Peer 1: 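Submitted below is the structure of interest, expressed as structure tokens.
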Number of protein chains: 2
Amino acid sequence: MRHLLPYKYVEEIAKAGSIRKAAETLAITPSALNRRLLTIEDELGVQIFERLPVGVRLNTAGEILLEHIRNQMSDMERVKSQIADLSGQRRGTVSIVTSPELQGSFLAGEVLKYQSEFPGVTFQITQKFRGEVEQALIEHQADIGIVYEPTKLADFQTLYNLVQPVYCIMEKSHPLAAKKSLRLYECAEFPLILTDKTWGVRNLLSQSAIRLGINLRAVIQSDSRGFLNNYGRTSEQLSFDIPINIPENLDERGMLAVPINPLDVPEGFVFVGHLKGRTIPVASARFLEQVTTQMAGQFG
Amino acid sequence: MRHLLPYKYVEEIAKAGSIRKAAETLAITPSALNRRLLTIEDELGVQIFERLPVGVRLNTAGEILLEHIRNQMSDMERVKSQIADLSGQRRGTVSIVTSPELQGSFLAGEVLKYQSEFPGVTFQITQKFRGEVEQALIEHQADIGIVYEPTKLADFQTLYNLVQPVYCIMEKSHPLAAKKSLRLYECAEFPLILTDKTWGVRNLLSQSAIRLGINLRAVIQSDSRGFLNNYGRTSEQLSFDIPINIPENLDERGMLAVPINPLDVPEGFVFVGHLKGRTIPVASARFLEQVTTQMAGQFG
DNA sequence: AATAGTGATGCATTTTTTGCAACGCCCTTA
DNA sequence: TAAGGGCGTTGCAAAAAATGCATCACTATT
């Protein structure tokens, strides 16, 4: 698609904040790039970038144009995908942005399942916090968004949502292990392993704790679940998670999950969807369908 | 926008059905145009047109691409419009497709009003029958659609709709002129001036007549209102119209309009809106706002 | 005051696009 | 069956556009 090269150039200049830097990553001379920009601005009749002593910066007109450019480029991807699909090819890239709660085995399993059927399809999975997923979709960094407890949904087209109550994870020998359902104050008596508040689970817990006047004592806190996973817990400690993110081998590891009373901690929701007003590529649409079907069967 | 010249070329080839003819209207050589097409197909990896002995014809891939091209081109218009609006210019073109009921003085007055405020804005008004308006929007022949009694609204984003009951138009001396409201069987006793069924009013009348077992006797029938207007009516004859299309000087011409009982003929609706999922140019959006406000004030 | 960064520009070079002419194909017509 | 006219395609030379290089003017930092 050589004809939308100018678009790519504008996008890169905007990202780099300087014509010379952009020219370097684009592997052309600054003068050529500069002239392309001048041509575009000339055709448009307006400046797109304001010139600063240290480089360039998008002005309002430029932002309008850049939004169009991003729409246009990803719509072209969709077109290519649909055309490829016509000829029976199953190719393309499925790009997904998820909140960290979805980085567990569920999504990985779905990707594996999909790829076993369509080996030509590649995946790109990005992790963003729940407040940033929608923005990533707006910027066309991904086609599909899957978020637990998103902070806003203005430009998000929800295709499926899934109830995911908070569970408490503990060793089988734990004093609370016999219970069928836990109250939050019971958990609060033990040392807790918590993520930070960018996570949906932690956010639900914190809000509930404030409402109920309970103090949650974190013995360890991290924004990375990988770190917490590697942290060898003691037998007293409790952690929290949602079903879709609870490892399947919990039992083998001598642990179990007990739900927390929804009156104490409200049930959260996983939202699955894409940017509003977009038609996403075929492969993405098919994967989306598979995921929602699996969710409905496994958790619904 | 030189970079979307290839798009324009594809569109023209599709329209002309032949490279040579398209080349002529595009004022370039067939060989150059052909090579551009081959380049595009090469970049896309698929043929866009199937080659026939008598020319070329879009295949499925081509249709997908053409839809993208039309979206892209009209979205670029929107971008330019929004950018022009930033710098305080009020320029651009407002393109409207309406059913014939809207070609009366109402819309013309609104256009005049708008242009008196923004002389830089030009208008393009196209008439289509109620079943074709939506398709015209899909093909990006216009930004705004205004239809009386549309046949479908699948891709139509309604921004306003207006109740428009059917009125009966007659001379002041007519036997029915004293009534405040008419039954359909009363009208059926007189010779009628009717449009054909592509018109919404006629469609409402015909359906009601069938339901009520009434026979409507048309002394003259035409799909063109202009013709009917020039037709010198006799004092007995009746015609039908909706308020928004009734001329303001009816009284001066010795005529009046009497509503038909909605129990006999259901009230029709004027739908105002644009293609679903589109952001229309600034001038169009502003005009749309003016029209709906005026409609609400004058008829709502 | 020197330096290092920025965007802009004149000029020669390279790359791309275009026009011209001709070819091969298929359908219609004589 | 042969001739003619329409079609898309292609080789080649000319025209046009894009690029790279060197350089300028400017500004913030050192």
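Just so we're clear, the structure is a prediction, and the values are computed from it rather than from any experiment. Below, read A as the first sequence line, B as the second, and so on, with proteins coming before strands; counting in each chain starts at 1.
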Peer 1: List for me each residue that meets salt bridge (charged side-chain N to carboxylate O under 4.0 Å, His left out) alongside A/K21, sequence neighbours excluded, and say none if there are none.
Peer 2: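 If we apply the salt bridge (charged side-chain N to carboxylate O under 4.0 Å, His left out) test to A/K21, skipping adjacent residues, there are no hits.
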Peer 1: For DNA chain D, determine which residues of residues 36-60 of chain A have any heavy atom closer than 4.0 angstrom to one of its atoms, and list them numerically.
Peer 2: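 Contacting residues: A/R36, A/P53.
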Peer 1: Among side-chain atoms of B/Q141 and B/S95, is any donor-acceptor pair under 3.5 angstrom?
Peer 2: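 No pair is found: no donor N or O on one side chain lies under 3.5 Å from an acceptor on the other.
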Peer 1: Please confirm whether the ring centroid of B/Y148 lies under 6.0 Å from the ring centroid of B/F271.
Peer 2: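 They do not qualify: ring centres at least 6.0 Å apart.
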Peer 1: Would you please say whether a donor-acceptor pair under 3.5 Å links the side chains of A/Q127 and A/S99?
Peer 2: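 Checked: A/Q127/A/S99 side chains show no N/O donor-acceptor pair below 3.5 Å.
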Peer 1: Please state how far atom CG in A/N34 lies from atom C1' in D/dA25, giving the value in whole angstrom units.
Peer 2: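 Interatomic distance, CG of A/N34 to C1' of D/dA25: 14 Å.
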Peer 1: What are the residues of residues 15-28 of chain A, sorted by number, that bring a heavy atom to within less than 4.0 Å of DNA chain C?
Peer 2: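 A/S18, A/I19, A/R20, A/K21 - these, ordered by number, are the residues of the stretch whose heavy atoms sit under 4.0 Å from the strand.
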Peer 1: Would you tabulate the side-chain donor-acceptor contacts of residues 50-57 of chain A under 3.5 Å, counting partners in other chains and residues two or more places apart, or write 'none'?
Peer 2:
from  : atom 1 : to    : atom 2 : distance (Å)
A/E50 : OE2    : A/R57 : NE     : 3.4
A/E50 : OE2    : A/R57 : NH2    : 3.4
A/R51 : NH1    : A/E41 : OE1    : 3.3
A/R51 : NH1    : A/E41 : OE2    : 2.8
A/R51 : NH1    : A/F49 : O      : 2.7
A/R51 : NH2    : A/E41 : OE1    : 3.0

Peer 1: With sequence neighbours left out, write down each residue that passes salt bridge (charged side-chain N to carboxylate O under 4.0 Å, His left out) with B/E77, or none if nothing qualifies.
Peer 2: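 B/E77 satisfies salt bridge (charged side-chain N to carboxylate O under 4.0 Å, His left out) with B/K80 once adjacent residues are dropped.
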Peer 1: According to the salt bridge (charged side-chain N to carboxylate O under 4.0 Å, His left out) rule, which pairs have a member within residues 124-136 of chain B, sequence neighbours left out?
Peer 2: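 For residues 124-136 of chain B: B/E134-B/K152.
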Peer 1: May I have the list of side-chain donor-acceptor pairs in residues 1-8 of chain A shorter than 3.5 Å, sequence neighbours left out?
Peer 2:
from : atom 1 : to    : atom 2 : distance (Å)
A/H3 : NE2    : B/Y7  : OH     : 2.8
A/Y7 : OH     : B/H3  : NE2    : 2.8
A/Y7 : OH     : B/Q72 : NE2    : 3.4

Peer 1: Kindly point out which of D/dT10, D/dA17, D/dG20 is positioned nearest to the side chain of B/R2?
Peer 2: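 Output: D/dA17.
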Peer 1: Show me the side-chain donor-acceptor pairs of residues 273-281 of chain B shorter than 3.5 Å, one per line, residues at least two apart or across chains.
Peer 2:
from   : atom 1 : to     : atom 2 : distance (Å)
B/K276 : NZ     : B/A154 : O      : 3.2
B/R278 : NH1    : B/D143 : OD1    : 3.1
B/R278 : NH2    : B/D143 : OD1    : 3.4

Peer 1: Taking salt bridge (charged side-chain N to carboxylate O under 4.0 Å, His left out) as the cut-off, I'd like each qualifying pair that reaches into residues 62-74 of chain B, sequence neighbours left out, listed once.
Peer 2: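 Every pair satisfying salt bridge (charged side-chain N to carboxylate O under 4.0 Å, His left out) with a residue in residues 62-74 of chain B: B/E11-B/R70.
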Peer 1: Does a donor on one side chain sit under 3.5 Å from an acceptor on the other, for B/R78 and B/S74?
Peer 2: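 The criterion, which ignores hydrogens and geometry beyond distance, is not satisfied for B/S74 and B/R78.
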Peer 1: For residues 22-35 of chain A, which residue pairs pass the salt bridge (charged side-chain N to carboxylate O under 4.0 Å, His left out) check, not counting sequence neighbours?
Peer 2: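 Of all non-adjacent pairs touching residues 22-35 of chain A, none passes salt bridge (charged side-chain N to carboxylate O under 4.0 Å, His left out).
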Peer 1: Looking only at side-chain N and O atoms, does A/Q103 offer a donor or acceptor that is under 3.5 Å from a partner on A/T98?
Peer 2: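 Judged by distance alone, the side chains do pair up.
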Peer 1: What about B/R35: does its side chain form a donor-acceptor pair under 3.5 Å with the base of D/dG8?
Peer 2: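 Not at all, since no donor on one side and acceptor on the other fall under 3.5 Å apart.
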Peer 1: Below 3.5 Å between N/O atoms, which protein atoms pair up with nucleotides 13-16 of chain D? Just atom names and distances, please.
Peer 2:
none

Peer 1: Walking along DNA chain C from 5' to 3', note the first and the last nucleotide with an atom under 4.0 Å from a heavy atom of chain B, and give both.
Peer 2: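 Nucleotide range in contact with chain B: C/dT17 to C/dC27.
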